[in-house]
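Both ligands and their constituent atoms are indexed starting at 1 by order of listing. Quick note: residue numbers are just sequence positions, from 1.
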Amino acid sequence: MNEIKIFSPATIANISCGFDVLGCCLDSVGDEMVIRKTQEKGLKISKIIGEDLPLDIHKNVAGVAALAFLEKLNKDLDFGFEIEIYKKIKPGSGIGSSAASAAGVVFALNELLNKPFSKLELVEFARKGEELACGQPIADNVAPAIYGGFTLVKDTDPLKIIELPNLDNLYATIIHPLIEIKTADARAILPNKIKLDDAVKQWANVGSLVHALHTQDYNLFASSLTDYIVEPYRSKLIPEFEKVKNNALKEGALGCGISGSGPSIFAFSRGNQIAVNVAGAIKHIYKETNINFNIYISKINSDGLKIIDAK
Ligand code: HSE
């Protein structure tokens, strides 16, 4: 294989109750990337379409993740690689834009080189890209992009990822108000100390959400989607958050919260039709403001990254 074209999915991190540990993978929202072997040795990003991002491999999350991969491979290859990135996920959207680029490139390199590394190792490389993007090697977006479905970051040192089951008919509606919230800023406003009462409720929710996934229990899943710790702080950064949440829940969503560090808001629904109804019920809220927005509906993607073409 000399060239591979991949779909690199958007992801929802935190899933309300699981700050920095839970994440899930979307299906119809994501970037495309082409990675090909070149006669010239080394690594270069030859093209980025859709966003103004650095081509310098040391300043681009995909470049940094690829370098981590090649450094661990530690082989004197007699060819190099070039990367083309077709960005469809806006940076700073809260649906794992940097994670898609970082996870995509290491997945593609692994395929081109006959899979020398495990998925866990790919997450290790990809989170180097996350470190460049948001100052910390967060894994809760790159893990679901690479594993698909729902994932739990059990530990970061050493890294341990647990693959969780998916609910068989689960859809996400995502609304992305086009304002910028930097992950670093959204982390900086969080408190260093939290109330024990809140922590107790929150870890009960993480446990019950995991159980709900294992038992296909939509009611338990819905009742686990409350964030007592982070959302009260971050929701203030997102105009109309409460209105969006209330309308989504009224329309039958199982739950609604901030996607990653925002500003995107996700709502989960059982079945596509409710997800479509939720989209209809929340988009008019931003239409009544001067804030532009994008809206997406996606099934939860159990497979993660996908190969579109290989030659
Ligand atoms: N868990 C992270 C956060 C996701 O909420 O800050 C951002 O990539």
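Summary of contacts: the protein heavy atom closest to atom 7 (C) of ligand 1 is Thr183 CG2, 3.8 Å. Here the heavy atom of the protein found nearest to atom 8 (O) of ligand 1 is Asn141 OD1, 3.2 Å. The protein atom (non-hydrogen) at minimum distance from atom 3 (C) of ligand 1 is Arg187 NH1, 3.2 Å.
Near Phe19, meaning under 4.0 Å from any of its heavy atoms, are these atoms of ligand 1: 3 (C), 5 (O), 6 (O). Taking every non-hydrogen atom of Gly260 and a distance limit under 4.0 Å, the qualifying atoms of ligand 1 come out as 5 (O). With ligand atoms numbered from 1 in the order given, ligand 1 contributes 1 (N), 2 (C), 3 (C) to contacts under 4.0 Å with heavy atoms of Asp20. Applying the 4.0 Å criterion to heavy atoms of Arg234 picks out, from ligand 1, the atoms 3 (C), 5 (O), 6 (O).
Proximity of Val105 to Met33: side-chain heavy atoms (C-beta onward) are separated by under 4.5 Å at one or more points.
Contacts with ligand 1 closer than 4.0 Å are made by side-chain heavy atoms of Asn14 only, the backbone lying farther away. Heavy atoms of Asp140 found under 4.0 angstrom from ligand 1 belong exclusively to the side chain.
A salt bridge is defined here as a Lys NZ or Arg NE, NH1 or NH2 lying under 4.0 Å from an Asp or Glu carboxylate O, and Glu71 with Lys128 fails to meet this definition. The pair Lys243-Glu240 meets the salt-bridge criterion, with a side-chain N (NZ, NE, NH1 or NH2) lying under 4.0 Å from an Asp/Glu carboxylate O. Using a 4.0 Å cut-off between charged side-chain N and carboxylate O, Lys90 and Glu51 make a salt bridge. Between Asp27 and Lys306 there is a salt bridge, since a side-chain N of the basic residue sits under 4.0 Å from a carboxylate O of the acidic one.
With sequence neighbours excluded, the residues satisfying side-chain hydrogen bond (donor to acceptor under 3.5 Å, both in side chains) with Asn277 are Gln273.
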Trace of the ring-ring contact (aromatic ring centres under 6.0 Å, His included) decision for Phe69 with Phe117: CA-CA 9 Å; Phe69 178 109; Phe117 294 119; 5.0 Å; yes
